[in-house]
Structures are given as C-alpha cells and as structure tokens.
Amino acid sequence: MKKTNNHFFDEVYQVVRLIPKGRVSTYGAIAKYIATGKSARMVGWAMNKAGSVSPKVPAHRVVNRIGLLTGKHHFNNGPNTMQQLLEKEGLLIIDDQIQQFELFFWDPMIELSIE
DNA sequence: CGATTGACGTACG
DNA sequence: TCGTACGCCAATC
C-alpha cells in the first residue's frame, strides 16, 4: 500500500462539493486553499478521479482561472454536459466561457474562511 | 524505474 | 497586449 497524500485529493473533493449551486470555483483557488496554490494541476487530476469516486464531485463547477470550461471534454456524457449543467444552474456561458465569472466565483479561501 | 502527460498558473519576452 | 516558456506534483505509459 502506498499512502499517498490523499489528503490533498480528499480536500479537493470536499471543497468542490461545498460549492453552492449557481457558483463556480477555480483549480488555482482550490489548490491555493489546500496546497498553498502550488498544485493547481493536481486539482485537475483530482477532478479526473472525481468521476471514479462517490458521490460524484460537481466538477462542472470547477473551471480555470479565466472561467473557461477547459475540462468539458472529460465528461463521460459529452463535452456539452459541463456547459449544460452550469447553464441549468443559472450561469451564462458563451464560447465555453462563463460570463460575469467574477460574480459567480466561489472562493473557498474566503467562503470557508468565514467563522 | 525513467520519461511523458495533464481539467493550471505565473513569469517573462 | 498577446504569445511562449517554465514550474508543481502525482499518475500513467
């Protein structure tokens, strides 16, 4: 058995699940909240596993720092799944980019930092 | 076991 | 302002 730092992945799943409906977060923000922002890529890897863990992690609520749906192609149901889900939550997405992303941005460092 | 990849981000030109 | 290069860290080939 290799006791990898599942703490990182676990935290990622926890945080992503805490993202409220109609809100989105970024890999960098999550990574920064957990691993001091040095492993934004690891968050993406965690998301890749997200489809293999349970309950499934709302990976569609996690995008890159510019609000671009970079990972939509990784969804099992199809590349449109991510956008459809986000639109269904009240978000507006044009050209795979979330409009007014700043307004919907859910930062765990802030939201979870509230006493 | 070594090299490459990867759903990112920041720095530099 | 836009484009390219590099760094992180783990998993996969």
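By convention in this document, chain letters (A, B, ...) are assigned in the order of the sequence lines, proteins followed by strands, and residues within each chain are numbered from 1.
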(request) Heavy atoms only: give me the nearest Arg23(A)-Leu103(A) pair and the separation to one decimal. (result) NH1-O, 3.9 Å

(request) Determine the minimum heavy-atom distance between Tyr27(A) and Met47(A), stating which atoms define it. (result) CE2-CG, 4.0 Å

(request) Could you name each residue pair satisfying ring-ring contact (aromatic ring centres under 6.0 Å, His included) that touches residues 94-115 of chain A, not counting sequence neighbours? (result) Phe101(A)-Phe105(A)

(message) Could you see if Leu69(A) belongs to whatever hydrophobic cluster contains Leu85(A)? Use Ile, Leu, Val, Met, Phe, Trp, Tyr and a side-chain cutoff under 4.5 Å.
(response) no

(message) Using side-chain heavy atoms (C-beta onward) and a distance below 4.5 Å, is Lys72(A) in contact with Thr81(A)?
(response) no

(request) Treat primed atoms plus P, OP1 and OP2 as sugar-phosphate and everything else as base, then score nucleotides 2-9 of chain B 5' to 3': B for base contact with protein heavy atoms under 4.0 Å, S for sugar-phosphate contact only, - for none. (result) ---BBBBS

